[in-house]
Amino acid sequence: MRELRFHRDLYRGECVDAAVQLYARYATLTTREEDAHWVVCVEASAPEREERIGNELANYALGLTVRDGGPR
Amino acid sequence: MPPRSVRVGVQSPFPICYSVAVTTIEGFPEDLARLDVDARRAIVDLDASLYPVEALYGAAYVFIDRCYVLLDRPAPQKLRLVLTPKSLDGGEPAVRALVGELANELVSAAYRHQIAQENRARIEAVTMQAIAGAMGPPTLDDLEDFDFTDEAFEDPLGIALSWEEKYAKKAAPDAAPGEDAPEEEPA
């Protein structure tokens, strides 16, 4: 399992949610909230796949956050 | 420098608590940038007081097509950027080149941000003028509703006075009316 931690000061929650929705078809994604982070756990059939999906998800969340002008 | 094994903390953007081999990147201070050898990614730590978050976004966005980019804030005054090249060709020299490019891009983005902040009022004024100009001339109804009673601007030096107003002969206060009038030339 790979765990991605998106800091709330740097990522917009809606953008992380949108990325999770988009990539949910490729892996099992579970989310939870911590004090400073949005946490996404990626589970897939192979570690390489988890790595790739996690990386793509992180890029997508960052792209949406930058497009929307950063976190609120 | 040979890779050394470190314990990644809970605040790390990586999968928590496992060992990774990290090494410095030639030409960069150890506390600024390091290379995660196992995962083939570069970790760049930045002072948040030097680089605004907007600059971090700008620089990160430039690399989003070539790299996987993950941002984090490991400490309140520290920003972290993790770059993982999408293509594994080139090895460590390629990663090192990416970090150098990132450092340059960060400086550029920070400077652009500073210029934008300093000129924000001017940019807004020019934009407003452009939008107002694009709206076309006012209609007769607009002119009818316009309040012309307000002073257009202050003119303490009298620059806006007409020539006649500014240089008109002033009648002496104790002179009889008509005394200053020029004599008519004989025909």
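A note on names: the letters A, B, ... follow the listed sequences, proteins ahead of strands, and every chain is numbered from 1.
Only the side chain of B:Y61 comes within less than 4.5 Å of a heavy atom in chain A; its backbone stays farther off. Interface residue A:Y11: backbone and side-chain heavy atoms are both found under 4.5 Å from chain B.
Between A:E56 and A:R52 there is a salt bridge, with a side-chain nitrogen of the basic residue lying less than 4.0 Å from a carboxylate oxygen of the acidic one.
For the atom pair A:R67 CZ and A:R12 CZ, the distance stands at 9.5 Å (nearest 0.5 Å). Expressed to the nearest 0.5 Å, how far CD of A:E51 lies from OG1 of B:T84 amounts to 7.0 Å.
Under the salt bridge (Lys or Arg N to Asp or Glu O under 4.0 Å) criterion, A:D9 pairs with B:R73, sequence neighbours left out.
Ranked by heavy-atom pairs shorter than 4.5 Å toward chain A, the options B:V69, B:V53, B:L56 are led by B:V69.
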